[in-house]
Each structure stands twice: as C-alpha cells, then as structure tokens.
Trainee: 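Handing you a structure now.
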Amino acid sequence: MSSPASTPSRRRGKRGRGSNPPTPQDARSPPSQKRRTDDSTSTGDLQPMPTSPPADVQSPGAADALFSSPPQFRHSAIPLDFDISSPLTYGTPSSRVEGTPRSGVRGTPVRQRPDLGSVRKARQVDLHSDGVAEDIVATEQSLGQRLVIWGTDVNVASCKEKFQRFLQRFIDPLDKEDEDIGLDLNEPRYMQRLHEINMVGEPFLNVNCDHLRSFDENLYRQLICYPQEVIPTFDMAANEIFFDRYPDSILEHQIQVRPYNALKTRNMRNLNPEDIDQLITISGMVIRSSQLIPEMQEAFFRCQVCAFTTRVEIDRGRIAEPSVCKNCNTTHSMALIHNRSMFSDKQMIKLQESPEDMPAGQTPHTVALFAHNDLVDKVQPGDRVNVTGIYRAVPIRVNPRVSSVNSVYKTHIDVIHYRKTDSKRLHYVDEETEQKRFTEERVELLKELSKKADIYERLALALAPSIYEHEDIKKGILLQLFGGSRKDFTHTGRGNFRAEINILLCGDPGTSKSQLLQYVYNLVPRGQYTSGKGSSAVGLTAYVMKDPETRQLVLQTGALVLSDNGICCIDEFDKMNESTRSVLHEVMEQQTLSIAKAGIICQLNARASILAAANPIESQWNPKKTTIENIQLPHTLLSRFDLIFLMLDPRDEAYDRRLARHLVSLYYQTEEKMEEEYMDMAVLRDYIAYARGYVNPRLGEEASQALIEAYVDMRKIGSGKGMVSAYPRQLESLIRLAEAHAKVRFSEKVETVDVEEAKRLHREALKQSATDPRTGIVDISILTTGMSATARKRKEELAQALRKLIQSKGKTPSLKYQQLLDDLRAQSDTAITKEMFEEALRALADEDFLTVTGKTVRLL
Amino acid sequence: MPCVGDWLNSPLGIVQGIFAQNVPNSDWEKKVTEYFKEKLKENNATNWVPSLNDVPVHYLKPNSLVKFRCMVQDMFDPEFYMGVYETVDPNTNARVLHFGKYRDVAECGPQQEIDLNSSQTVTSERQTFYCVPVPGESAWVKEISFLTEPAYVSASQARVSPSTSYTPSRHKRSYEEDEDMDLHPSKQKEQHMGKSCCCGSDIHGCVEPKRLETEASAGHHVISPNCSPPLDLNFPLPGEKGPACLVKVYENWESFKVNDVLEVFGVLSVDPVLSIVNSEERDSSTLDPMECMDTAEEQRVHSPPASLVPRIHVILAQKLQHINPLLPACLNEEESKTCDCSALLPVVSNFMSELSPVRAELLGFLTHALLGDSLAAEYLILHLISTVYARRDVLPLGKFTVNLSGCPRNSAFTEHLYRLIQQLVPASYHLRMSIESMNHSRFIPHKDYTANRLVSGLLQLASHTSLVIDETQLEQGQLDTAGVHNVTALGNLITWQKVDYDFNYHRMEFPCNINVLITSEGRSLLPSDCQVHLQPQIIPPNMEEYMSSLLTAVLPSVLNKFRIYLSLLRLLDYSISDEVTKAVEEDFVEMRKNNPESVTADDLHKMLLVARFLSLSAGQTTLSRERWLRAKQLEALRKARLQQQQSVNGNEL
C-alpha cells in the first residue's frame, strides 16, 4: 500500500523479474530502464535506494489488480491534497476523466504533455522505510520528506516547494535577455511572467535553466536527470501559484512549464548513451519536418453488444484492444470509436548539426525530434534552433513473431522548447550569441593581449602569414575586420551610418590577392566568397524561388545578404557585369538591399563589408595610367571604397631577399610549425569577435578635433592647386578607420593615436591609388570623378587649341576630319591621339561650335 | 592450415569465449581487440583474411572475419545498441547474458526472450560509415592485392573460381613463377613483414602483357557479379563497381574523416533478417508513428538489403597512407615507431639505393609515352610524385598541377597517355571535358536531405588520386548553371585543393589532395601551377599500336618498380638547409636585379616546388645547390618553350 498511487503499470504482466541482485545503476544502463521501468513491484518490497531497482519478482496478477482501482487507493491511503501534489496523476488521461479537483473547479482543463511521455507513470518509494506501507501513512508529517519517485531521488513535495520558492523569489538584475523587454528586473522575474500569462492567456511558462541553476543547484540537477518526473512537479507548482494569485483566470489548459537552456549538451556530436532520458539542449538546423501526425493518446472502445464503453491508453505506440467486454463478457465485441478517441498532434523533425559545430572533414550528424501539440509547425526547414527536450532511445522489435530484436535503438528527442537562433538576424545584431562564446580565461587572455603596445602590428602580422609583407594592406583589412561603430541617426532622418569598411585591392595578377581574400573568408564567421566572373546580380542579392514541395514562393538570399554583419569577398571584381555591379551601389552606402520581384517587395539588410579584388584591364598594371583607367570601374563605385590599395610587385632588392627567404621557409617547414600559426588564427578570430561584440568606441573630444584638422588639411592640399582633394565621404572613412583602430585596442574612446593611424593608412592608400601618373600628385578626383584635374584641364586646353585652329582657317563651312587632325598634330608640341582629338571635337560640338558628320566637320 | 582457425571463420565465437571469461568487468572489449591484433600480427596473417574487395559477398561466409579496403564516403548518425543484454527463458526463468557488439541483431534462442528492462543491459554507441571501394582504383592494384592472398584463394578456389575471371591454373602458375623468379632479394624482407610485397613485383611473368591489354579495354576486372542493382550505391565515379559496405566502427571513430582510405578487419554480417526488418518496418509504419520517423528513401539508404550492401563490424581499422599493394601498409611515418614496421626501413633504403636507375628508366618510358619529349616527361615525374604536404593558412603547399598543352588532338593521344598513367598510379580518373559532361555530370557531392545522405560527386576522391582532365575534346558551347558550378569547383580544387560540398543550406569545405593533370591543345581554361608545352619528336602513325607496344616493352618487374617509386617518393620528408636558403635568396635577388619583370614571387614558388620534387625524385631529402640550378634550368627551358609557342601562333596565350 505504500505506493498506491502507482497507476497501472505500463508493462504489466509482460514478463516477470529474474532473481538478479540489485546492481547499482551506472550511467550506461539501458535507456528506458533507468527509472520507472520496474513499475510492477508492489507495496511490500520497497527498496531503500532510489537508484537501484528492487530485486523481487512481481506477479503480473498483482499489478493488474492494482490497475483496476487506483483512485480508491489514493484517497484511502494518502492524505487529502496528495492527488494534487502527485505528478503521478497529473496530466494523465485518467485524471482528466475524473477531473482533478482544482482544475475541475476553476474551469481550466488539464492538458496532457505528450512531450513528457505521459504514458509512463512513476510511483513513489519511501527512502527510509523498509517496512510496510501502513507505516508511511501513519507517519503523515514525514511523508513529504520521505517519499521519492521511484528510481530517482526526487521528492515531489520538496521539489515542488523549492520550485515555488524559485518562482516567487528569483531575481536576477544582471540578466538582460532580449525577451525580457517590459519586465522589471528587480521584481521576481517569473511572477511577472505568470502575470503575463494571466494577461495574455498563453499557458506556457518558459524557465531558463541557467536561472534555476544559480538558484538551486540540486533542483537543477534533478531537472536535468529526471525531467520526466520533475517537470510535471514544476507544472503543479506553477499552477498552484498561478491559481492562488489569479483564481478567476481561465486558461485554455493548465500552465505547462517549459525549461530551456539546459547546459547539459550543446553539440549533437556529444550526445551519448548517458544522455538518454535526460533534459538536454542542443543547437542545430532543421532540415526536414514531417506533416502533422495525429497520435492516439487514448482509444475509446464500445461493446457492440451491450454498448459498454471503455478507454484504453496507448502503451508505447500500441493499443491493447480489450478482447472481452467487462460488462457482458462477450469476446471480441469491442470496437474502436475513432471520433471519441483522444489524439494529439505530433510532428517529426530532422535536426542537423550546425556547420560551426562540425569537426573538419566529417559529415554532419542528424537527430530526430518529435514535436507535440502547439510546438508542431513552429519551425521550418532551414531554421537554426536551440532545442530543449528529453533524449529518448527506443528498442526496435524486429518482428513480432520472431523473438530476436534489432540491437540498435531508435533515438529521438521529445521537444519541450524551441528557441530560434537566427530569426532576428535580419533585423538587428545578434550580439547575444556571439558574446556567450567566450570563457573567462579566454576573455582574460584577449584583454591581456589588447594591452600590448604593438597589438595592432601583431594582429596585422598574424593575418595571412603566408602572404608576404604588404603590411599596410593587411592593416587595412584588419581594420575592416573590426569595423567602425554603428551609429543610428534614424531620428534625424538620415538612417544608419555605415560602420563597415570597404576595401578594394587592385594590382597585378599573381600578387596573392585571391589568397588574401580566401584567408579573410576563412577567418570570419559570416564570410562569403564569390567571384565576379561567376556571380550574377541574382546570386549576390536575393531571388525568389518556388519551393518544390509547397509550391510556395520563397525568398532566397544571396551572398551579400548572407554576409550581413560579415565580409563579402568578391574576387575578379572587374569581371563583374554592369547590372550586377549596380546592385553594389546600394549595398555599399545604404547597407540595404531592395527587392521588388514576383510580388515581393522588401528591403533586406546587407551590412556587409566588401573586400574586393580587381585585376587591371590590360592584365598588367600600367603605371602610366590612373587607377580608374587601369581597372575600368565606374568612379561612382570606386568612391564607395574606403581604402583602395594597389598590390604591386615592389622592385627592391632587400624586399626580394626577404621574400625569397620567406618563400623558401614555406617549402621545408614542418607541420608543427604551421600548427603554431594556426593557433594564432584561432586567437585572432576570437579577438575580432570579442572586439566586435563588446567594444563600441565613441569619438573623444581630442580625436574629433584631430579629425576635423585632418579633413581640413586634406581639403587644403587640393584647394591650393584649384582642385578638391577630399569630400565628406573621405571624412566618414577616416572616422570609421579611427573607430576600428580604437576597437583593436579594446578602447571605448577614439583617441588621437587612432586618428593618426587612420590618417596614415588613408593617405597611404590614396598615395597608391589616387596619384595622378602624369603629375605625381595625389588627386582624389581621380577616384571621385574618374578623371584627374590635370587631365580635365588638358582636355579643356586641347579643345581651345582646336577652336583656335579652326578659327584661324577662316570662314570655311566644312573641314576634312583627317586634315584637321594632321594640322592639329603639327601645331601641338605633345602627341595627340585620335581619341583625344575626338574628345576635343565632341567638346566643341557641345558648345554648338561645330558638328561632325562622317568624315567632315561642319562649322555652325 | 593451422592458423586459419576459428578466429577467421567464426570470430564471434572467439568473442563469446572472451566475453564469457571476463563478463563481470567491461574490459572484455579491450581483450577482444588485443586478441585479434595479436592474431593479425602473425606471419602473413592479414593475407589469410579474405578481402571483400576481391571476393564476391556471396562467397564469403556470414559472420566470418573479412577485410575491406575502402574509402569513407559518408558518415551516418551514431547508433545506440545493446552492448550487453540478457535473455530470459519464460519457462525456466533462466537468464543468460549476451554481447551485442559486432552484431546487428540481438540474438536469442528459440525459447528465449530478450529482457529489455534488465539491469544488466549496457547501452553502447557505435558509428556507421558508408564505405565504397577506393574510387578509381587501378586494375593492377586490385589484381596484385588479390594475388597476395594465396592462402585464402587457393583454399576457397574451388568455390570461387566459377564466378570470377581468375582460373585456378592461371593463378597457380603465377604463384609458382613468383617462387621461381626470385630476382629481388630485398623483397624477401617485405614478405616477412606481413604486408605482402613479395609476390606483386614478379607475379605477372610472361602472361602480364596479355593481361594488361585485355584489362585496358575491359576496365575493372575484379567485380562481384551481383552488385549491379537498381539501388544507387553512391559511388563517386560513374561506372564503378564493387561492394559498398556499411562499416560499423566501435572505437576511435572521431579520428576518421570523410574520404579517408581505410583498411578494416571485421565481422561480415549479411543477416537476411536485416532486410526483413526494413520491409516489416515499412509496412507497419502507418501503424506505429515511432517508426515512421524516417522516410522510405532514408530507410532504403540507411539500411539497404544486406546482400547488396553488407555490414562489417570492425574489430580493427587503420587509415592507409597509400593503397599501393607493393609497399607495406605503414611506412616511415609515426606509426612505424609503434608498430612492427622498423624492419621495413631496410626495404625502403634498399629501394632507395637503386633509385637512380629506376628514375632513368621511368624517365625513358615517359619520354616515349610523351612522343619523345623528355622535358615534359621530367615534369610528368615531378607531377606524379607531388603531394600536398602542408597547408599554410589557406594555401596548400606542394600541389603541382601540370597543364600539358599542345597535345595532338585527333590521335587519341590523351586517351592512351591516361592508360599509361593508370598503369603507374594506384588510383586515377580520366575526366573528359565536354560541354555535355560539364553540364550534366555531378562534380560536387551534395546532401540529399530526403534520404539523409551525402550524394557523391566526381570530385569526392581519396588523397593521392590522379585526376587527368582531358580538355582536347572540349568544343565551343554554352555552359549552364551546373556547368559553371562544375568548372568553378574544378578551379577551386586545383587552386586550393579543396572541394566545397553542397549542403543546400550551407557549403562545407573538404580539403583534398588530388594530383591534377590537364591535357589540352592550347593553354587550359583551368588554372594550373605550371604549363608545359608538348613538343612531340615523333608522330606515330598509329597511336594505339605505338602506345601498346610501349607497354609491352616494359618488363612487369620494371613496371612494378615504377609503381613503388612513385608511391614511395611521395611520402618522403624534405628540408632545405640554411646555406641553400641563402643561395636561393641570392639567386632570386640577382635574377630580379637583371629583369624584375621576368621573375616574380610566383615564379620563385614554382621553382621551389620544382626543386623540391626534383630532389625527392632523386631520393634526396634536402635541397642541394645542383638541384636548385637544375630546377632553374628546367623552368627556363619550359618558359622558353612557352614563349616560342606564343611567338609561333601570335595571339595565343
């Protein structure tokens, strides 16, 4: 009688027990065996330890006898409120039939939790008493302390009480989770949640296991180890509190507690037999979801003869059809009535390991999930989710007629809680996930590193060590990796300021540009690598696709959108066709992508930094031409790059020597030495991720002054020679670079040093790319207008010379084209190409001075 | 035969014995592996184990010990199985413990039932790999490794012979020859060493040329006749045959990667129950939602009929550095320190001593093959021994893709060249580029989420596979999306030695180590490390005849030496002394001083690569000044030839 609450054993009468001595359960015990398996034991043979199964053999008959009358037992043997506190009856179909007093009164029905496997019911055993059951009943006050659920060390009453205390008291003012918006951090957090439930009427209470752990370590452990028993207890606790507070509230069904963020397992690869039947949280990507499966929870049978009805619960996917009617004793008269049976929704989902978790060179693992009731259809294929659930393993019977069993278990996870990890990615920075990745030691190490005076140089050196020198370029890319600070000016109507730094590398083929791109792509978590040759505008932006299964239109994102918050590496930028390139205009300044296609009009965020590489049009860089002439890219696009570097082959003996040594060393160094480099790459990656996640520098007063001066200086240089050498865009670039440099130092404030370096780097890049080859002067207008000021001036002069020439010929209405060119050439002291000549003609035609028709030039 | 004992025929019996002895504690598993390790160490013991590569499945006894040389094509999800379980006799209540390791089905007697709730049950984990025979494995590899299993083959000859192409008489002859013609004393030691080098080199005798000829046209020889099912066995290369296998690994599965080449020893399981399981499950799936979690496709792929895809429960597995049966399985790598390979080193050093004549002969052979062009032959040798020995961040070091341009177009030269290469390297594939093949074949492996498997593609190849791309057949035409992707993938493979497998929602990078040789008329559209323009000295009127006579002229023993040469040198270490570094530095600076345009960093890369392989090809593990000069000279010759070519037909570049 000690465990009268044990509802019918789920394996009643299946087979007897051998006379094995009780063995301590180790973690490798069979999946379904750890607990609540031996439910056929009866009252007299309670064992003192929760972890080992009783040794006795229970006759099937006894269990059947128990089965027939659980309610009576409960009421007679256990004090009044036991049925409420007992998880054993909670949520089971039988309890629903009878109506739990509380739920019956309040009008909020209990709902089954198929995610917990309601079929399996546990029973309690007394921890201390070996004696007969009556003893326990007698010592009523000790009951709460001494009863534990069989096979566990969970005491229902104390567990419930602890959880209630947790709900009522837990405050974590340090905690800031995005879903906490609107919560008062100094009030008990979960009480506010309950209030919310009352307001909204969604009867689910999500509980962060991390909170529970910091509140009560032991309770947390119990939850992880025995979720199937503990969660119903939590449910009860939550419901009691809730209905105490809001007695008039009527919910769809009783509140269900959904724990999440169990720290047990993060990675699918680490799942092992020890995790079976435990609460785990794993992350992954949904790759497939099944259609809704109605799963029968309880079958309803009616006797064809006497119309006697009975209900049969499902037992591990099977219904034991009653062969004899209990009322009239007719055999095989019971028929299943479908529409009076109880069903629950169920969905099978395949979850695949997320690519980040995968060790190199292996294929991803998958795991099956079962979602129940309202969790059905909560996720779609392609979603990244964190799933909290109970890991299950079920043996497969080969064939009902053959006794041998396939020795492999089927495993799945019963989902209790989903948490999408990337649903917000398109809207704002998901800093949370990135921040959580670092252990304290790691952060210490990174901070230690950041204090080094030469950290900037160090990191630049660690970047792509196999590429020799090109230090400034590496520094530029390093700053790009860190990026500037994000500024929001939406309230003044200007929207977001771009924080990303765009870099263009151009230069001779074979100067390891691609290698640098490839390195960056491998370094950053959200990098994309495309080649201008192969990608179309569609591949870069987004396109609408018809899903082959649902025939539904789906927006598929391209490289630029995918590298939101990352770096999009575009190789062979010059080979990209015009229409594709035009897409980049919007992305590179506004950081968004507008799509109007197939009825879908939207604007996607594409806050990608762009690292592009371009080859000169003549395959070899022509030092006599300007950057624009060499790479033939529209200046509108070029001006959007913060830094444009030329990667040229330096002609310098000392450089050659160092380069040679560097290369030779590549060819005999051993793996181990390379390993060291690799370590650096990991540190570098963490360093950048940390800085991006945590450091958000603001301009200091001095730095602002320095920036202003720098800008004014830049403008001054030009104004002396009658040309503009800097535009506001350059100022913005400077600010971004300075911010990025401050980030490198983990500094929250941009200081003069940062501005100095930004200035230097910017000048360096300009010196390389914006030098007018004819005059040797740095001329920003090469980049902003595509033509140097001197070139423009020369064009002007030529046109004037031509006009003079024509005027000098007197009043001739028309001139021969070739003749005119020859005359002009003879007159001029510099070489005049046909193109220049035509350009001059065109200029004059624009002035309505002449028209060109075929081979003749007519004066107007 | 004394040693073909129970451990070969009924390994599970042995396991049962060990299990019964040690049952209370769990170290019986360790003892089992130790036992088999011991057994396999014995004289030639590995050769007694029948190989699934050579013997059709239906001639192998179920539950016997087999070996399989294979490549991991896909990795399935780990399985939980009953490591130890208990059966109960319902009548007598007698309980017996069993082990579930190395088995698919938990067996029990007719009167017994498995107690799923027993406290004795131990749940363990194992990993399933889907393995296929090494893609593109040359016929000679199969043949030689087949013939090195004398014991088993002769023992089971009576049964095996009717279905295979090997007749007992022929086999016997070659075996005798092997003993008669003992030309190479060095081979003796190898024989002693378990992994079988002895027979290979001499085995072919005078029948060899004939056989090679037929093989060249017939393609793969050793195939199991029952393996041409409607079920897609997911071989990377089209037209491959052989058994695919579900390999269940019990230990250390983290150390294996996709595309690794393994040799596994394990228990063959072809229990027909397995197939029944599946059909039953499929039927009952409507009833039982628990079991319908996998789609029908997934079922089909993950538990195909055991007769088509047998299971091997691995007792011992090792990664193979190479698949050349003429060389011992483990060479002078770290393994030799631990395992018993120390005696192998003499074999290697013996071979090293006669390296230069072998090299000279090989050079001569290849010169003929390349129509008398010795420079191209030199580069071809370098190419064949090249291997990615390290990666420096993203840069793979040691890849040496050669573009052999100027190939005669119409004479099927490339076809024949490939056949020659096939005779030399253990694994190879000939990729004939055409608009059609580019657009319609599957290069990149991709994940099929319905069946939950990695569908293989042409580029899923094991390390050291020679990929010969024939561009001479390529015509003008329009590449579609698939074609562009395929060409990009080829380009990536050549430049970065990696293939991005398509996982639909994301891509994943798999590094590889594949030797790519491109034959083309002009410069290839694919990138390459070095372009060698072929200058044929002779144009044979009948290419077919010329090439086959070339092969016939080579003694099989010499051919085998070539094979050893190429496989062995690839595995050597290499270093450059400080002095030579200095000299190289000086040289580079000097060259740049004269004409900075002529020598770039890229050229230095190439020269260092050439120097590396040139040294290795002569068996030298350090760079000497002479080799460096020779490398420079070779490069200069090659470049001169290219320039000449450019000036001949002006606009070609």
Side-chain angles (χ1 to χ4, degrees), chain A residues 15 18 20 23 28-31 33 37-38 53 272-273 285 287-288 293 295 317 346 348 355 361-363 365-366 368 382 393-395 398-399 403-409 411-412 464-466 510 515 518-519 522 534 649 651 653 656-657 659-661 663-664 666-668 671 674 677 681, chain B residues 74-75 77 79-82 88 93 95 100 103 105-108 112-114 116-117 119 121-125 257-258 273 276-277 280 288-290 293 390 392-395 397 449 452 454 484 488 505-506 508 510 574-576 581 584-585 588-589 592-593 596 600-602 604-605 608 612:
Chain A
R15 62 193 71 83
N20 292 310
T23 41
R28 293 176 73 94
S29 64
Q33 191 268 338
T37 49
D38 189 0
N272 62 36
M285 191 171 68
I287 54 169
R288 190 171 76 213
I293 308 163
E295 190 185 39
K346 179 175 172 178
M348 200 279 282
Q362 308 216 332
T363 54
H365 285 173
T366 56
V394 188
V398 171
N399 186 330
S403 54
S404 53
V405 167
N406 193 336
S407 65
V408 179
Y409 293 104
T411 52
H412 69 266
S466 66
Q515 206 182 317
Q518 196 80 18
Y519 180 88
N522 279 302
D649 209 0
R651 310 223 159 122
E653 191 180 315
D656 291 348
R657 195 177 295 276
L659 175 70
R661 196 178 309 142
L663 288 183
V664 174
L666 278 184
Y667 281 84
Y668 69 87
E671 276 296 340
M674 313 246 172
E677 305 285 357
M681 189 156 162
Chain B
D74 194 5
M75 292 165 156
D77 294 329
E79 304 180 323
F80 293 170
Y81 68 99
M82 293 177 227
V88 188
N93 254 349
R95 297 178 155 258
R103 285 178 176 168
V105 175
E107 278 165 31
C108 57
Q112 292 172 323
E113 265 187 17
I114 290 173
L116 293 173
N117 304 318
S119 59
T121 309
V122 175
T123 308
S124 319
E125 193 181 4
K257 292 179 173 164
V258 173
V273 173
I276 299 171
V277 175
E280 285 280 329
D288 192 345
M290 220 49 174
M293 58 169 101
R392 184 76 177 233
D393 40 73
V394 288
L395 184 73
L397 294 171
Y449 283 115
N452 196 13
L454 187 67
V484 172
T488 321
Y505 303 103
H506 59 101
M508 209 153 47
F510 283 81
Y574 176 75
S575 66
I576 301 177
T581 309
V584 170
E585 226 176 276
F588 182 63
V589 171
R592 296 266 297 179
K593 213 184 262 172
T600 61
D602 235 25
L604 184 60
H605 263 294
L608 284 166
R612 178 189 170 96

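Reminder, nothing fancy here: chain letters follow the sequence lines and each chain counts from 1. Quick caveat, the model's predicted, so the values are computed rather than measured.
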Trainee: If you take all heavy atoms of B/Tyr81 and A/Tyr409, which pair is closest and at what distance?
Mentor: C-CE1, 3.8 Å

Trainee: Return the minimal non-hydrogen interatomic distance between B/Phe80 and A/Pro273, and the atom names on each side.
Mentor: CZ-N, 3.6 Å

Trainee: Would you mind checking which part of B/Met75 comes under 4.5 Å of any heavy atom in chain A, side chain (CB onward), backbone (N, CA, C, O), both or neither?
Mentor: both

Trainee: Minimum heavy-atom separation for B/Glu125 to A/Asn272, with atom names?
Mentor: OE1-CB, 3.5 Å

Trainee: Using non-hydrogen atoms and a 4.5 Å limit, figure out which bit of B/Phe510 sits close to chain A: side chain, backbone, both or neither.
Mentor: side chain

Trainee: Enter the distance from A/Thr366:OG1 to B/Asn452:CG here, rounded to the nearest 0.5 Å.
Mentor: 4.0 Å

